[in-house]
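Have a look at the structure below before the remarks.
If you read the sequence from its start, that first residue is 1, and numbering goes on from there. Just so it is clear, the structure is predicted and the values come from calculations on it, not from any experiment.
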Amino acid sequence: SAFGALLAETATLPTDVVKTRLQIQQTGKSAGATRYTGFADCVLQTARSEGPLALWKGIVPALARQVCYTSMSLVIYEPVRDFYKRQ
């Protein structure tokens, strides 16, 4: 379970990084030209300017979140299941 969470988070984090960068870029007439023209452009610009590992910025907090979520779900599952079985 922990290994699966590690793999999933490592595989999907670059998508989250790019999505966040696209969301926070300024748009509209007052902002001028946008920095990225789309998803692929953001990936390429980030990798070129900051290095490919920049796509995994925030991996430590993301993995900490996954560990907390996974361990909590494993601990809470049985008591909740038993509670609803009794009703």
Side-chain angles (χ1 to χ4, degrees):
S1 178
F3 186 68
L6 170 84
L7 284 177
E9 194 63 43
T10 304
T12 60
L13 189 64
T15 303
D16 287 337
V17 169
V18 171
K19 175 194 64 132
T20 302
R21 288 177 181 230
L22 288 170
Q23 287 176 332
I24 63 172
Q25 74 177 344
Q26 299 295 320
T27 57
K29 292 180 182 179
S30 62
T34 58
R35 182 171 180 178
Y36 309 111
T37 58
F39 187 86
D41 182 53
C42 184
V43 170
L44 291 174
Q45 282 193 45
T46 301
R48 285 183 188 142
S49 65
E50 300 175 45
L53 290 179
L55 295 169
W56 283 271
K57 279 187 175 179
I59 189 74
V60 173
L63 289 175
R65 179 189 65 222
Q66 283 295 338
V67 168
C68 292
Y69 173 77
T70 303
S71 61
M72 291 279 287
S73 65
L74 290 174
V75 169
I76 293 174
Y77 173 74
E78 286 185 23
V80 170
R81 180 195 64 194
D82 293 343
F83 174 78
Y84 283 108
K85 275 187 174 180
R86 282 185 248 134
Q87 290 187 0

When you group the ILVMFWY residues by side-chain heavy-atom contacts below 4.5 Å and let the links chain together, are [Y] and [X] in the same group?
X	Y	result
I24	V18	no
F3	W56	yes
L63	L7	yes

Qualifying residue for side chain to side chain contact (heavy atoms under 4.5 Å, CB included) with F83, from Q87, K85, R81: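 Result: among Q87, K85, R81, Q87 is the only option passing the side chain to side chain contact (heavy atoms under 4.5 Å, CB included) with F83.
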Pairwise distance [atom1]([X]) to [atom2]([Y]) - rounded to 0.5 angstrom:
X	Y	atom1	atom2	value
Q45	T37	CD	OG1	7.0 Å
C42	R35	SG	CZ	8.0 Å
R21	K57	CZ	NZ	5.5 Å
T70	R65	OG1	CZ	10.0 Å
D16	L55	CG	CG	11.5 Å

Closest contact, heavy atoms only, A54 versus V17: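 Minimum heavy-atom separation between A54 and V17: O-CG1, 4.0 Å.
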Shortest non-hydrogen separation from L13 to G58 and the atoms involved: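 Closest approach of L13 to G58: CD2-C, 4.0 Å.
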Any donor-acceptor N/O pair, T46 side chain to V43 backbone, under 3.5 Å: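 No: the side chain of T46 does not pair with the backbone of V43.
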Polar side-chain atom of Q25 near backbone of Y36 as donor-acceptor pair, under 3.5 Å: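 Such a contact is found between Q25 side chain and Y36 backbone.
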F39, CZ atom: more than 12 neighbouring heavy atoms under 6.0 Å: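 Yes, enclosed.
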